[in-house]
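Let me begin by presenting the structure, written as structure tokens, before commenting on it.
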Amino acid sequence: MSDDVHKPVRYGTSLKDGVDKIQFWRVFLKHYANPLNDWVQCWPENPPTYREHMGAYSSEVQKLGVELTGAITESLGLGPKYVSDKIEQGMQVITTNCYPPCPQPRLTLGLPPHSDYSCLTILLQGSPGLEIMDMQDGGSWKLVPNVDGSLLVHIGDHLEVLSNGLYKSVVHRAVVNSQKTRISIASFHSLGLDEKMEPAFQLVNENHPKAYKGSSFRDFLNFLSANDIGQGNICFLDTLKIE
Ligand SMILES: O=C(O)CCC(=O)C(=O)O
Ligand SMILES: [Fe+2]
């Protein structure tokens, strides 16, 4: 069990076990994954096929993350290579979330409302439980249907920053149920640990002044380690906004 958010391999039950005030109905395993050869030997040895199977999944989903980032920067008029090479060399964190059945699911959450710090998150869910906040419907929670074999893609905080607010990061949470264990696998794609994400200068002008400060993945980890985000009153993106 580790509450040090800077560790490259962590498992635990809450966001920061024993530190955060509110505990959530989740166990997780979280580890770095890119470049695979640098990290795979730190991953769990059991079950014996874990490294092989998760390694194959991580590499494929990393390629998809690079491709999607290219398509998104192209849609912003920045060209497909604006950050995709940096994403290719950058951080990939894989989190496997396990939400056991909960006798009183209405009294807790699997994960509290949050947006991901990443540029992009690619999520595989085994059964429904992910909810997103629908800003076009007064901020109400909408359950994301589970389509077998499909992947879900979230815009993260760093893409909101890069686009100077044209793309919005998605606020989401995980709910639990009393019937069966739910598993999800999230792959977070970002720049290198110390590389700052800044709004693209091409998207900053008189009508759209720079709306966010630059920040790195390490800045996010420092924020996470200093704050209890499960209480719902503080989020990383808000600390980056320039009023
Ligand atoms: O389990 C889910 O559907 C959401 C997981 C998630 O939001 C996360 O790991 O950041
Ligand atoms: Fe998330």
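The residues of the chain are indexed from 1 along the displayed sequence. Since this is a predicted model, take the numbers as computed values, not measurements. Order of listing sets the numbers, starting from 1, for every ligand and every atom in it.
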Pairs under 3.5 Å, nitrogen or oxygen of ligand 1 with protein nitrogen or oxygen:
unit_1, atom_1, unit_2, atom_2, d
ligand 1, 1 (O), Y99, OH, 2.6
ligand 1, 1 (O), R182, NH1, 3.2
ligand 1, 1 (O), S184, OG, 2.7
ligand 1, 3 (O), R182, NH1, 3.4
ligand 1, 3 (O), R182, NH2, 2.8
ligand 1, 7 (O), H114, NE2, 3.2
ligand 1, 7 (O), H172, NE2, 3.0
ligand 1, 9 (O), N97, ND2, 3.2
ligand 1, 10 (O), H114, NE2, 3.2
ligand 1, 10 (O), D116, OD1, 3.3

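Summarising the local packing, NE2 of H6 is surrounded by more than 12 heavy atoms from other residues, nucleotides or ligands at distances under 6.0 Å.
The aromatic ring centres of F223 and F236 sit less than 6.0 Å apart.
Using bins of under 30°, 30° to 60° and over 60° for the plane-to-plane angle, the ring pair H154/H172 lands in the tilted bin.
Summarising the geometry, atom CG belonging to D116 is positioned 12.0 Å from atom NE2 belonging to H158; distances are rounded to the nearest 0.5 Å.
Considering only heavy atoms from C-beta on, N146 stays 4.5 Å or farther from L130 through its side chain. Taking 4.5 Å as the limit, every side-chain heavy atom of L76 sits out of range of all side-chain heavy atoms of Q202.
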### Message
Would T108 and C102 count as a side-chain contact (heavy atoms from CB on, under 4.5 Å) here? Give the steps.
### Response
CA-CA 9 Å; T108 188; C102 174; 3.7 Å; yes
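Excluding waters, the set of protein N, O or S atoms lying under 2.8 Å from the Fe ion (ligand 2) comprises H114 NE2, D116 OD1, H172 NE2.
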Show me, pair by pair, the donor-acceptor contacts under 3.5 angstrom made by side chains of residues 61-71, not counting sequence neighbours?
unit_1, atom_1, unit_2, atom_2, d
Q62, OE1, H189, ND1, 3.0
Q62, NE2, I87, O, 3.2
Q62, NE2, E88, O, 3.3
K63, NZ, E60, OE2, 3.0
T69, OG1, G65, O, 2.5

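Counting only residues at least two apart or on different chains, the salt bridge (Lys or Arg N to Asp or Glu O under 4.0 Å) pairs with a member in residues 169-189 are E131-R173.
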